[in-house]
Amino acid sequence: MGTKKRLRDYGISIGQLPTGPKNKITDVQGVKVGHVTLSEGAIQTGVTCILPHRGNCFQDKVLATSYVINGFGKTVGTIQMEELGVLETPILLTNTLSVGTVSAALVEYMLRDNEDIGVTTGTVNPVVGECNDGYLNDIRGLHVQKEHAWDAICKASEDFEEGAVGAGTGMSCFGLKGGIGSASRVVRIEALDYTVGCIVLSNFGQKGDLLIDGRPVGKWIEMQDQSGHMTERDKGSIIIVLATDIPLSERQLKRVSKRATVGLSRTGSFVGHGSGDIVLSFSTANQVPHYPETTEVIQTVLHEDHLDSVFRAVAEAVEESILNSMVTAKSVTGRDGNSRRSLSEYMEAWLLQS
């Protein structure tokens with residue numbers, strides 16, 4: 001894991017705020033990430049899991065919301081999450097045609113530890129996000145199975161790989177290799193330090209539009225490859241997952257989620273017609289018990305006057321997560337010989353000339 005160079009290893013720091021110790025979403029205490037990677041020939045896909053806390057997610061839910069930047073997507077569970085404002089399962093990410101399989105696997109996983117679901121209490125709301133990895137992956141082969149989803153959950157830990165792993169194995173970003181990327185920011189509010197973490201599944205953009213810290217690296221790469229601008233239509237997607245330990249209501253989380261658009265656009269995205277750009281956000285600060293001991297559930301929330309620094313943290317973490325997803329991803333050749341080169345292959349030469 002430690003051998004992959006991330007964006008900051010090239011001397012590029014995004015934004016103003018400090019990062020957490022790992023500069024990953026798992027800097028938010030309790031959050032874990034796990035992958036199962038399927039990479040062999042035409043099979044380039046997988047599953048990624050984000051656990052919101054170490055306990056039972058159904059019995060102790062976290063406040064959560066979703067935000068649709070552009071709705072060309074096939075997520076599961078966001079309608080109920082919007083209505084009730086809570087997350088009660090891990091979040092799983094995979095390819096578009098495997099959403100049904102992974103959703104069923106997540107339901108079965110939750111039933112194992114919660115004998116009351118569907119018997120003495122209601123059902124469970126699985127949350128699954130997707131991007132289309134069909135350029136590199138034999139997506140029609142439906143290679144992701146239930147055991148892959150279960151394994152990703154079991155493998156979840158505070159340290160995890162980025163790049164062409166898990167759900168990101170077959171993804172493309174700005175005409176290069178995309179995948180899983182993460183970052184975090186520390187926000188100081190009234191002498192207290194809080195963390196905002198992000199993980200993305202990146203699968204969008206046209207090569208010539210790519211920006212790194214505001215610089216047009218995509219145009220430079222096109223010149224090196226002698227490939228014309230606008231050679232491929234932007235029809236990809238991105239799933240952005242935000243986690244924080246800041247006490248935010250579901251309404252405030254919605255406001256925070258909207259700022260992910262800022263980080264997305266800073267990398268060069270214009271959110272194309274065929275792009276499914278979805279944000280899922282949760283706070284670990286207030287847990288909602290499934291079986292409350294009292295009729296009232298008391299929660300704390302941050303005063304609105306302190307949200308500006310949180311908005312900045314989200315914009316910076318999303319931008320850096322996307323770039324980390326690209327620079328850590330190895331080059332991949334998959335279905336029908338289709339290939340995507342890693343951004344890392346260009347970085348040293350680009351930095352020298354810039």
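Since this is a predicted model, take the numbers as computed values, not measurements.
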>> As a quick check of understanding, evaluate side chain to side chain donor-acceptor pair (under 3.5 Å) for Thr284 and Asp245, giving each step before the final call.
In response: CA-CA 5 Å; Thr284 62; Asp245 55 10; 5.8 Å; no

> Does Gln44 use its side chain to pair, donor to acceptor, with the backbone of Arg335 at less than 3.5 Å?
Replying inline: no

> What distance do Ile238 atom CD1 and Ser275 atom OG have between them, rounded to the nearest 0.5 Å?
Replying inline: 8.0 Å

> Who are the ring-ring contact (aromatic ring centres under 6.0 Å, His included) partners of His143, not counting sequence neighbours?
Replying inline: none

>> I'd like to know if the side chain of Ser331 pairs up with that of Arg341 as donor and acceptor (distance under 3.5 Å, no hydrogens or angles considered).
In response: no

>> Looking at Glu316 and Ala313, would you say the former's side chain and the latter's main chain have a donor-acceptor pair under 3.5 Å?
In response: no

> Is the backbone N or O of Gln252 less than 3.5 Å from a side-chain atom of Ser249, with the two atoms forming a donor-acceptor pair by type?
Replying inline: yes

> Just checking, is any N or O donor in the side chain of Glu88 or Gln59 under 3.5 Å from an acceptor N or O on the other one?
Replying inline: no

> Do Glu130 and Thr96 have side-chain N/O donor and acceptor atoms under 3.5 Å apart?
Replying inline: yes

> Donor-acceptor pair, Thr94 side chain versus Gly46 backbone, under 3.5 Å?
Replying inline: yes

>> Checking Ser342 against Ser344: is there a side-chain donor and acceptor pair closer than 3.5 Å?
In response: yes

>> Under a 3.5 Å cutoff, is there a donor and acceptor pairing between the side chains of Ser66 and Thr78?
In response: no

>> Given the ring of Phe160, does Lys24 sit roughly above its face, with NZ or CZ under 6.0 Å from the centre of the six-membered ring and within 45° of the axis?
In response: yes

> Under 3.5 Å, is there a donor-acceptor pair linking the side chains of Asn203 and Asn132?
Replying inline: no

> Which of these, Leu201, Thr169, Val102, Val144, sits in a side chain to side chain contact (heavy atoms under 4.5 Å, CB included) with Asn95?
Replying inline: Val144

> Where do Arg312 and Asp308 land on the salt bridge (charged side-chain N to carboxylate O under 4.0 Å, His left out) test, with the steps shown first?
Replying inline: CA-CA 6 Å; Arg312 180 185 294 276; Asp308 276 351; over 6 Å; no

> Given Asn114 and Asn56, is the side chain to side chain donor-acceptor pair (under 3.5 Å) satisfied, shown in steps?
Replying inline: CA-CA 9 Å; Asn114 298 278; Asn56 186 314; 3.0 Å; yes

> Is the closest side-chain donor-acceptor distance between Thr195 and Asp27 under 3.5 Å?
Replying inline: no

>> Would you say Asp225 and Tyr346 are linked by a side-chain donor-acceptor pair, where the criterion is simply a distance under 3.5 Å?
In response: yes

>> Looking at Lys207 and Ile221, would you say the former's side chain and the latter's main chain have a donor-acceptor pair under 3.5 Å?
In response: no

> Considering the options Lys330, Lys5, Arg6, which one meets the salt bridge (Lys or Arg N to Asp or Glu O under 4.0 Å) requirement together with Glu162?
Replying inline: Arg6

> Quick check: does any side chain N or O of Gln353 sit under 3.5 Å from a backbone N or O of Trp350, one acting as donor and the other as acceptor?
Replying inline: yes

> Do side-chain atoms of Ser265 reach the backbone of Thr261 as a donor and acceptor pair under 3.5 angstrom?
Replying inline: yes

>> Please check this pair: side chain of Asp60 against backbone of Pro289, looking for a donor-acceptor N/O pair closer than 3.5 Å.
In response: no

> Between the main-chain N or O of Asp116 and the side-chain N or O of Thr121, is there a donor-acceptor pair closer than 3.5 Å?
Replying inline: no

>> Just to verify, what does Phe58 make a ring-ring contact (aromatic ring centres under 6.0 Å, His included) with, not counting sequence neighbours?
In response: His290

> Quick one: do the Thr65 and Glu82 side chains pair a donor with an acceptor below 3.5 Å?
Replying inline: yes

>> Any heavy-atom pair between the side chains of Arg215 and Ile12 that's under 4.5 Å?
In response: yes

>> Testing the 3.5 Å rule here: is there a donor-acceptor pair between the side chains of Ser321 and Asn324?
In response: no

>> For a quick check under 3.5 Å, do Ser157 and Asp159 share a side-chain donor-acceptor pair by atom type?
In response: no

